[in-house]
Amino acid sequence: LPDEFDWRHFNAVTPVKNQGLCGSCWAFSVTGNIEGLYALKHKNLVSFSEQELVDCDTLDEGCNGGLPENAYKILQKIGGLEAESEYPYDGRNEKCSFNASKVTAKVKGFVELPKNETEIAMWLMKHGPISIGINANAMQFYWGGVSHPWKFLCSPKSLDHGVLIVGYGVHTYPRFNRTLPYWTVKNSWGESWGEQGYYRVYRGANTCGVAEMATSAKIF
Ligand SMILES: CCC[C@@H](/C=C/S(=O)(=O)c1ccccc1)NC(=O)[C@H](Cc1ccccc1)NC(=O)N1CCC(N2CCOCC2)CC1
């Protein structure tokens with residue numbers, strides 16, 4: 001396993017987005033995963049529609065929450081995702097205006113990854129960015145660096161946010177002769193949050209439950 005890897009270096013990640021005052025983090029986690037898969041398979045980075053999921057995913061609850069696995073199931077059923085440009089984001093629950101003829105990314109299923117961070121890193125390198133559930137407790141007061149909260153402050157079993165792993169690396173603190181392995185996580189709270197919209201969290205201890213619900217779509 002190389003020391004670090006980052007899909008942003010391979011044009012497989014769109015710019016950081018902002019979900020606004022809508023609990024649609026789960027939809028951004030899914031579009032980020034499919035954007036990566038699509039970019040790698042079709043050599044074309046397309047921004048995909050979260051609003052389609054908010055409005056049309058009847059298994060989930062739009063701005064009131066959802067789960068990536070439900071989204072993959074619905075996308076497989078209706079056909080797939082339209083581009084952001086075809087179905088732009090409004091950040092509120094609206095009537096579904098899905099148009100099957102405008103589907104760009106066709107979804108054929110999904111996979112649940114093993115709850116093992118080494119296997120997740122290997123899968124990431126081979127296939128692309130991964131949707132995860134995470135406990136966001138340590139994200140609300142995050143200002144940068146490698147987040148490594150104590151377990152009792154960020155239970156791996158209390159997942160409440162959907163985000164996207166785009167890479168991993170090791171941060172060295174030469175002064176203390178310490179190295180901290182981390183995941184690079186794309187959030188959907190805008191570019192002014194965290195490290196230009198990104199969150200680095202300790203890798204190797206299932207911190208905040210990063211390995212609890214790692215999933216990916218399968219696309220044509
Ligand atoms: C009100 C919904 C808030 C939203 C994210 C909002 S948020 O703004 O990103 C944020 C997150 C954390 C702290 C502060 C702010 N959270 C979700 O959508 C989270 C995301 C998540 C949780 C666990 C694993 C993976 C992903 N999901 C959820 O909130 N839910 C999961 C699905 C559940 N449904 C119940 C009925 O049957 C169908 C499923 C509803 C609650």
Side-chain angles (χ1 to χ4, degrees), residues 7-8 12-39 45-75 80-98 104-105 107 110 128-144 147 154 158-166 183-201 208-210 212-217:
W7 281 114
R8 292 175 293 182
V13 184
T14 57
V16 168
K17 304 182 187 182
N18 196 328
Q19 65 191 71
L21 296 174
C22 167
S24 52
C25 54
W26 58 278
F28 286 84
S29 176
V30 169
T31 56
N33 164 251
I34 293 175
E35 285 164 357
L37 295 172
Y38 188 88
L45 181 60
V46 173
S47 181
F48 285 110
S49 169
E50 296 80 22
Q51 197 65 45
E52 179 190 321
L53 287 169
V54 169
D55 298 345
C56 312
D57 173 351
T58 48
L59 284 179
D60 289 305
E61 292 149 281
C63 292
N64 302 322
L67 283 178
E69 288 193 22
N70 289 340
Y72 302 134
K73 287 174 189 160
I74 286 290
L75 289 176
L81 268 178
E82 294 184 43
E84 193 93 62
S85 53
E86 295 290 339
Y87 201 147
Y89 188 66
D90 293 323
R92 56 182 187 275
N93 297 322
E94 293 168 337
K95 184 175 168 307
C96 178
S97 53
F98 175 70
T104 298
V107 175
F110 69 95
I130 297 166
S131 163
I132 61 164
I134 196 169
N135 178 328
N137 279 358
M139 296 177 75
Q140 314 203 45
F141 317 105
Y142 176 69
W143 286 92
S147 173
C154 202
S158 314
L159 308 179
D160 61 2
H161 187 25
V163 288
L164 184 78
I165 296 181
V166 299
W183 292 109
T184 304
V185 174
K186 185 184 185 188
N187 197 4
S188 49
W189 294 349
E191 289 189 354
S192 54
W193 177 86
E195 297 182 331
Q196 290 76 42
Y198 283 82
Y199 177 57
R200 283 189 293 158
V201 59
C208 303
V210 292
E212 289 299 314
M213 190 187 282
T215 61
S216 174

* Asked: Should the pair Phe110 and Tyr72 be assigned to parallel (<30°), tilted (30 to 60°) or perpendicular (>60°) ring geometry?
  -> parallel
* So how far is it from Ile132 CD1 to Leu159 CG, rounded to the nearest 0.5 Å? -> 8.5 Å
* Between atom OH of Tyr38 and atom OG1 of Thr31, what is the distance when rounded to the nearest 0.5 Å? -> 15.0 Å
* Looking only at heavy atoms, which two atoms of Thr14 and Tyr198 are closest? And how far apart? -> O-OH, 4.4 Å
* Structure fact -> What one should report as the nearest heavy-atom pair of Val107 and Ala217 is CG1-CB, 4.5 Å
* Is a side-chain N or O of Trp193 found less than 3.5 angstrom from the main chain of Asn18, in a donor-acceptor match? -> no
* Over all atoms of both residues, closest heavy-atom pair of Thr215 and Glu69 -> CG2-OE2, 3.7 Å
* Asked: Would you call Trp26 and Leu53 a side-chain contact if the rule is heavy atoms closer than 4.5 Å?
  -> yes
* **Minimum-distance pair of heavy atoms, taken over all atoms of Cys56 and Ser97** => SG-N, 4.1 Å
* Checking side-chain contact (heavy atoms from CB on, under 4.5 Å) for the pair Asn187/His161: CA distance, chi angles, key distance, verdict? -> CA-CA 10 Å; Asn187 197 4; His161 187 25; 2.9 Å; yes
* May I ask you to decide if the ring planes of Tyr199 and Tyr142 are parallel, tilted or perpendicular, using 30° and 60° as cut-offs? => perpendicular
* To do: Run the numbers on Glu84 and Gln51 for side-chain contact (heavy atoms from CB on, under 4.5 Å), then give the verdict.
  => CA-CA 8 Å; Glu84 193 93 62; Gln51 197 65 45; 5.8 Å; no
* State, yes or no, whether a side-chain contact exists between Lys186 and Phe28 at a heavy-atom distance under 4.5 Å. => no
* Asked: Rounded to the nearest 0.5 Å, how far apart are CZ of Arg92 and CG of Leu21?
  -> 12.0 Å
* Begin with the C-alpha distance, continue with both residues' side-chain angles, and end with the deciding distance and a verdict on side chain to side chain donor-acceptor pair (under 3.5 Å) for Gln19 and Ser188. => CA-CA 6 Å; Gln19 65 191 71; Ser188 49; 2.7 Å; yes
* Asked: How many angstroms lie between CG in Asn93 and CG in Asp55, if you round to the nearest 0.5 Å?
  -> 7.0 Å
* So Glu52 and Leu81, side-chain contact (heavy atoms from CB on, under 4.5 Å) or not? Walk me through it. -> CA-CA 7 Å; Glu52 179 190 321; Leu81 268 178; 3.8 Å; yes
* From Ser29 OG over to Ile134 CD1, what is the distance, rounded to the nearest 0.5 angstrom? -> 10.5 Å
* Mark yes or no for whether Asn33, through its side chain, and Leu164, through its backbone, hold a donor-acceptor pair below 3.5 Å. => no
* Quick one: do Ser47 and Glu35 satisfy side-chain contact (heavy atoms from CB on, under 4.5 Å)? Show the steps, please. => CA-CA 6 Å; Ser47 181; Glu35 285 164 357; 3.6 Å; yes
* Can you see which heavy atom on Ala71 is nearest to which on Asp60, and at what distance? => N-OD2, 3.6 Å
* **For Ser24 against Tyr89, the heavy-atom pair lying closest together** => OG-OH, 2.8 Å
* Asked: Does a side-chain heavy-atom distance below 4.5 Å link Cys208 with Asn137?
  -> no
* Asked: Would you call Leu67 and Met213 a side-chain contact if the rule is heavy atoms closer than 4.5 Å?
  -> yes
* **Rounded distance [0.5 Å steps], CZ in Phe48 versus CG in Leu75** => 10.5 Å
